[in-house]
Student: 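Before we start, here is the structure in question, set down as structure tokens.
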Amino acid sequence: LLWQGLRESVPDSVVYRQGEAVTEVEETGAAGVGVRLAGGSVERYDLVVGADGYRSVVRTALCPESRPQYAGYVCWRGNFDAALLAGLGSVADSVPEAGTTVCFPGGSCVIYRIPGPDGPRVNWVLYGSPPRDGQLRLDDPTSFPPGGLTPALAGHLAALLDREFPPYWARALALTAPADTFVQPIYDMETTRTAAGRLLLAGDAASVVRPHNTSGAAKALQDATALADGWRRCGSFEEL
Ligand SMILES: Cc1cc2nc3c(=O)[nH]c(=O)nc-3n(C[C@H](O)[C@H](O)[C@H](O)COP(=O)(O)OP(=O)(O)OC[C@H]3O[C@@H](n4cnc5c(N)ncnc54)[C@H](O)[C@@H]3O)c2cc1C
């Protein structure tokens, strides 16, 4: 719905090319910027705004030295059918609408309801230390997508729940199917500059915020509105 609303607000005068991948951008001085597409063709533009996410190709051109830095901990996520809570037979028979936070030495977890295709689901996001036995690559941002959780990683999570969580919440999170559980090492991605010449970065391409405060989308929107505002106020790109 969000995407559709944004897409519909793009006026017909804008050429919107869905499914075209940019493989490289290169500043060509006064001639502007060359944009190479996956098919091999190169197109020239006066200005390129790189809003191409955390693996930004435009950032590679603007700050090739910027590398994601592993922040030292991981994020586990999962969700399950809220109706399963009824089978736990405990004092707390539901996840409150406002959500629940579990804190423990070295980590925390938020648990809350989300809508699902077949009724409400319980979603949880757990930050904690990584498994120490080399099961996760920590030198390149990646994650285990749903369905990719290995038995060893599932065992690490189960032991953490058993050791650190109040029994009710340990049993609740254990209701999550392995196919609905995934893990992401947390990385910081900061750029030394966000604009140079005729290149500009916005959103995750410019910097990736840690997930705790759920502000990445708001930051991307703020970048876009700040650019639009500057564009109206300034007479030239140099002034902007
Ligand atoms: C699991 C998860 C949960 C999250 N939860 C929240 C949350 O609750 N609240 C919040 O605020 N943020 C959340 N975020 C972060 C948020 O999604 C991002 O900060 C936000 O989407 C960044 O917006 P963006 O437009 O900069 O980049 P993106 O949304 O990543 O968009 C980049 C676009 O560029 C396209 N693209 C990339 N490379 C190329 C290329 N080479 N050629 C052509 N097109 C390309 C992509 O296909 C994509 O459409 C979450 C992220 C994840 C992964």
Side-chain angles (χ1 to χ4, degrees), residues 1-10 14-26 33-43 45 47-64 66 68 70-71 73-80 98-99 101 108-116 121-127 140-149 176 179-191 194-195 199-228:
L1 285 175
L2 178 61
W3 183 86
Q4 208 168 6
L6 290 169
R7 176 69 187 91
E8 281 167 7
S9 67
V10 177
V14 173
V15 179
Y16 187 98
R17 288 155 56 177
Q18 195 166 354
E20 290 255 34
V22 174
T23 54
E24 193 180 4
V25 299
E26 189 188 4
V33 186
V35 174
R36 183 179 296 278
L37 300 177
S41 61
V42 177
E43 302 180 3
Y45 294 95
L47 171 68
V48 167
V49 179
D52 49 345
Y54 76 107
R55 289 190 187 276
S56 170
V57 168
V58 183
R59 185 178 63 229
T60 305
L62 200 97
C63 340
S66 292
Y70 172 54
Y73 61 101
V74 299
C75 170
W76 304 83
R77 291 171 186 267
N79 65 83
F80 59 90
T101 302
S108 65
C109 179
V110 283
I111 306 163
Y112 50 97
R113 286 171 184 269
I114 55 170
R121 296 184 69 79
V122 176
N123 192 56
W124 52 269
V125 184
L126 193 172
Y127 300 100
D140 184 45
T142 184
S143 67
F144 282 68
L149 196 73
T176 314
D180 292 325
T181 308
F182 49 116
V183 56
Q184 306 164 314
I186 303 295
Y187 284 80
D188 287 319
M189 174 72 236
E190 253 186 302
T191 44
T194 51
L199 296 175
L200 186 71
L201 298 176
D204 275 8
S207 62
V208 177
V209 293
R210 291 192 186 182
H212 309 262
N213 53 12
T214 58
S215 59
K219 186 179 77 70
L221 287 166
Q222 282 170 349
D223 283 356
T225 49
L227 176 61

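Start at 1 and go down the list; that is how both ligands and their atoms are numbered. Computed over heavy atoms, backbone and side chain alike; hydrogens, waters and symmetry mates excluded.
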Student: Using a 4.0 Å cutoff against the non-hydrogen atoms of Gly53, which atoms of ligand 1 qualify?
Tutor: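 Result: 27 (O), 30 (O), 32 (C).
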Student: Would a distance-only check, ignoring hydrogens and angles, find a side-chain to backbone donor-acceptor pair under 3.5 Å from Arg59 to Ala205?
Tutor: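 Between the backbone of Ala205 and the side chain of Arg59 there is a qualifying donor-acceptor contact (under 3.5 Å).
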Student: Under 4.0 Å from atom 46 (C) of ligand 1, is there any protein heavy atom?
Tutor: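 No; the ligand atom in question lacks any protein heavy-atom contact below 4.0 Å.
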Student: Strictly inside 4.0 angstrom of atom 26 (O) of ligand 1, do you find any protein heavy atom?
Tutor: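 It does; a protein heavy atom is within 4.0 Å.
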Student: Taking only residues two or more places apart in sequence, or in another chain, which ones meet Ala38 in a side-chain contact (heavy atoms from CB on, under 4.5 Å)?
Tutor: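 Counting only residues at least two positions away or on another chain, Ala38 forms a side-chain contact (heavy atoms from CB on, under 4.5 Å) with Ala21, Thr23.
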Student: So Pro211 and Val125, do their side chains get closer than 4.5 Å, heavy atoms only?
Tutor: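 No - every pair of side-chain heavy atoms lies 4.5 Å or more apart.
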Student: For ligand 1, which atoms have a heavy atom of Gly203 less than 4.0 angstrom away?
Tutor: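 So the answer, numbered in order with elements, is 26 (O).
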Student: Out of Arg17, Gln184, Arg77, indicate the one that has the non-hydrogen atom closest to atom 3 (C) of ligand 1.
Tutor: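 It is Arg77 that holds the nearest heavy atom.
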Student: My question is simple, although I want it checked carefully: is atom 5 (N) of ligand 1 less than 4.0 angstrom from any protein heavy atom?
Tutor: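 No, there is no protein heavy atom closer to it than 4.0 Å.
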Student: Under 4.0 Å from atom 17 (O) of ligand 1, can you find at least one protein heavy atom?
Tutor: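 Not a single protein heavy atom is under 4.0 Å away.
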Student: Would you check if Leu37 and Arg17 make a side-chain contact, meaning some heavy-atom pair closer than 4.5 Å?
Tutor: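 They are in contact (side-chain heavy atoms under 4.5 Å apart), so the answer is yes.
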Student: Quick one: does Thr191's side chain have a donor or acceptor within less than 3.5 Å of a partner on Ala206's backbone?
Tutor: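 Yes.
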Student: If you have a sec, work out which protein heavy atom is nearest atom 11 (O) of ligand 1 and how many Å separate them, to one decimal?
Tutor: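 That would be Ala217 N, 2.8 Å.
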Student: Does CD in Glu43 sit with more than 12 non-hydrogen atoms of other residues, nucleotides or ligands closer than 6.0 Å?
Tutor: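 For Glu43, atom CD is crowded (more than 12 foreign heavy atoms under 6.0 Å).
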Student: Taking only residues two or more places apart in sequence, or in another chain, which ones meet Asp204 in a side chain to side chain donor-acceptor pair (under 3.5 Å)?
Tutor: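 With neighbours one apart ignored, the set is empty.
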Student: Considering all protein heavy atoms, does one lie under 4.0 Å from atom 8 (O) of ligand 1?
Tutor: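 Given the 4.0 Å cut-off, atom 8 (O) of ligand 1 counts as touching protein heavy atoms.
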Student: Would you say Val22 and Asp52 make side-chain contact, with heavy atoms under 4.5 Å?
Tutor: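 They are not in side-chain contact.
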Student: Find out whether Tyr127 and Val110 are in side-chain contact, i.e. whether some heavy atom of one side chain is under 4.5 Å from a heavy atom of the other.
Tutor: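 They are not in side-chain contact.
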Student: Is any heavy atom of the protein nearer than 4.0 Å to atom 13 (C) of ligand 1?
Tutor: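 It does not; no protein heavy atom is within 4.0 Å.
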Student: Which residue holds the protein heavy atom closest to atom 37 (C) of ligand 1, what is that atom called, and what is the gap in Å?
Tutor: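 Nearest protein contact, heavy atoms only, for atom 37 (C) of ligand 1 is Asp52 O, 3.1 Å.
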Student: Would you check whether Val57 has a nitrogen or oxygen atom less than 3.5 angstrom from a nitrogen or oxygen atom of ligand 1?
Tutor: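 Among all N and O atoms of Val57, none is under 3.5 Å from an N or O of ligand 1.
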Student: Taking the inter-plane angle between the rings of His212 and Tyr73 on a 0 to 90° scale, is it parallel (under 30°), tilted (30 to 60°) or perpendicular (over 60°)?
Tutor: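 Judged by the thresholds at 30° and 60°, the geometry between His212 and Tyr73 is tilted.
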Student: Backbone, side chain, both or neither: what part of Ser215 comes under 4.0 angstrom of ligand 1, heavy atoms only?
Tutor: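 It is the backbone that touches ligand 1; the side chain stays farther off.
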Student: Do ligand 1 and Thr214 have nitrogen or oxygen atoms that lie under 3.5 Å from each other?
Tutor: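 Between Thr214 and ligand 1, an N or O pair is found under 3.5 Å apart.
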Student: Please state which part of Glu20 comes within less than 4.0 Å of ligand 1, counting heavy atoms only: side chain, backbone, both or neither.
Tutor: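 Glu20 to ligand 1: backbone contact only, side chain stays beyond 4.0 Å.
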Student: Among Ala51, Ala218, Ala21, which one puts a heavy atom closest to atom 31 (O) of ligand 1?
Tutor: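 The residue whose heavy atom sits nearest atom 31 (O) of ligand 1 is Ala51.
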Student: Given side chains that start at C-beta, do those of Val42 and Glu26 come closer than 4.5 Å, heavy atoms only?
Tutor: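 A side-chain contact is absent here, since even the closest heavy-atom pair is not under 4.5 Å.
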Student: Any idea which protein heavy atom is nearest atom 19 (O) of ligand 1, and the distance to it?
Tutor: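 Of every protein heavy atom, Asp204 OD1, 2.8 Å lies nearest to atom 19 (O) of ligand 1.
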Student: If only atom types and distance count, is the side chain of Asp223 paired as donor or acceptor with the main-chain N or O of Gly203 below 3.5 Å?
Tutor: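 Flag set: sc Asp223 to bb Gly203 pair under 3.5 Å.
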Student: Which ligand 1 atoms, with their elements, are less than 4.0 angstrom from a heavy-atom of Ala220?
Tutor: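 Near Ala220, the atoms of ligand 1 are 23 (O), 26 (O).
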Student: Purely on distance, is any nitrogen or oxygen of Val22 under 3.5 Å from one on ligand 1?
Tutor: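 Yes, at least one N or O pair falls under 3.5 Å.
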Student: Would a search of protein heavy atoms around atom 51 (C) of ligand 1 find one under 4.0 Å away?
Tutor: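 It does not; no protein heavy atom is within 4.0 Å.
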